[in-house]
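What follows is a short report on a single structure.
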Amino acid sequence: MTDSPPADAPTAEAAQASRPYSAGLEGVIAGETSLSFVDGARGRLLYRGYRIGDLVAHGTYPAVANLLWTGDWEPRHRLPTSPIPEAVITTLRALPSATKPMDALRTAVSTWGATQDLPWPPTVEQARALTSFSPSALAAFARIREGSDPIEPDPSLDLTEGFLYQLTGTRPEPETARALDAYFIVGAEHGFNASTFTARVITSTRSDIGSAIVGAIGTMKGPLHGGAPSEVVDQLAQVGSAEHAEAWIREALARGDRLMGFGHRVYRAYDPRAAALRTVAEGMEHKPDWLQLAIAVEDVALRILAEKHPDRPIKTNVEYYAAPVLMGVGLSPDLFPAAFSLARHAGWTAHVLEQAANNRLIRPDVNYIGPEERDLPS
């Protein structure tokens, strides 16, 4: 026999209704992290306290990934791409040629996880292995769908340079590899975004690191998260030239269209990732046409947006420069979300390690808004 609640005790429904609810968990503090600090009001992004602009200027993606995993800054840290298990190659060859790259990457990571011993808790070695595997897998898929054979990794090349080599069969120019490396650095980590939170939820169940990254890739696939850069390419193609930019932008805004690559849910100042990428782009001796056009159009767009919205700052976000950088290094637009996912592997796996180190099952409550208790109809 159980005791009855006091007569004045609140009902479960009343207790539930008194608790705050935030659609999309916006503004809810869902955890703690030492990995990155996103300061939207001031336009700052720090990885373990280091400014993103400094990391792009003086670091490499392997060094930044190692920083996120270990907390140590080792600027000469290396991370080549790694060989692909035969089971993964077999799986990639079995996919239809029309398979989307994000689906192929997700499937490759899932197959890789099935071939590995990934005991709990996850380790830095597991994070390194997965982060070095995925570029090889994406490059292999891109070649297989074109009817070419995958290329074995070159251990003398670091990750972004090795990825481009495995993608094209040609060792990239240092300037090209540097531009992609800068993109990977700025894309490596960004707080509790949707895909990172997914990875942490999966990890909180004590599932393995492969499963966590498969879930993160599935989340990144959504156009509200990882699909925007390709739309910037379409927009720049429609603008066509710097001379046509002002008229095109004014006409687009008059129709109520959104300018892709401008505005951000978090940043109210200039996105520091975009600033870092623009610095790299402007420093290139031989700028691809896409970069030259993007730089010219951005200046016009920011002037017009400031004129039309003087009280609501709308600044450049990272997708704006991600698009011309990725196009400039030779990636097709359908590879952009998957390339973003490769960059984010460092942050995803670092969050997996952080979650596992102080784990608690992530299990939020939910407000019930259905009918009150009732009897089945007779």
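Fair warning: this is a prediction, and the values are worked out from it, not measured in the lab.
Scanning for side-chain contact (heavy atoms from CB on, under 4.5 Å) contacts around Asp208 gives Leu118, Ser211, with sequence neighbours left out. Taking the salt bridge (Lys or Arg N to Asp or Glu O under 4.0 Å) definition, one finds that Arg145 meets it with Asp334, sequence neighbours left out. Applying the salt bridge (Lys or Arg N to Asp or Glu O under 4.0 Å) test to Glu246 and every residue at least two apart in sequence or in another chain returns Arg250, Arg303. In this structure Arg374 satisfies the salt bridge (Lys or Arg N to Asp or Glu O under 4.0 Å) test with no other residue, sequence neighbours excluded. Applying the salt bridge (Lys or Arg N to Asp or Glu O under 4.0 Å) test to Asp158 and every residue at least two apart in sequence or in another chain returns Arg78.
Within a 6.0 Å sphere centred on CZ of Arg312, heavy atoms belonging to other residues, nucleotides or ligands number 12 at most.
Exactly one residue among Thr107, Asp103, Val109 makes a side-chain contact (heavy atoms from CB on, under 4.5 Å) with Leu105. That residue is Val109.
Salt-bridge formation is detected for the pair Asp149/Arg93: a Lys NZ or Arg NE/NH1/NH2 atom is positioned less than 4.0 Å from an Asp or Glu carboxylate oxygen. For the pair Arg178 and Glu161, the salt-bridge criterion is not met [side-chain N within less than 4.0 Å of a carboxylate O].
Ring planes of Trp73 and Tyr50: tilted class, angle from 30 to 60°. Taking the six-membered ring where the residue is Trp, Phe262 and Tyr320 present tilted rings, their angle falling between 30° and 60°. His225 and Phe340 have perpendicular rings, their planes meeting at more than 60° on a 0 to 90° scale where under 30° would count as parallel.
Distance alone, capped at 3.5 Å, places no donor-acceptor pair between the Thr70 side chain and the Leu67 backbone.
By the rule that hydrophobic residues join a cluster once side-chain heavy atoms approach within less than 4.5 Å of another member, Leu157 and Val64 end up as members of separate clusters.
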All N/O donor-acceptor pairs, side-chain side in residues 27-37, below 3.5 Å, sequence neighbours left out:
| from | atom 1 | to | atom 2 | distance (Å) |
| --- | --- | --- | --- | --- |
| Thr33 | OG1 | Leu35 | N | 3.1 |
| Thr33 | OG1 | Glu354 | OE1 | 2.6 |
| Thr33 | OG1 | Glu354 | OE2 | 3.4 |
| Ser34 | OG | Arg48 | NH1 | 3.4 |
| Ser34 | OG | Glu354 | OE2 | 3.1 |
| Ser36 | OG | Glu189 | OE2 | 2.7 |
| Ser36 | OG | Gly191 | N | 3.1 |

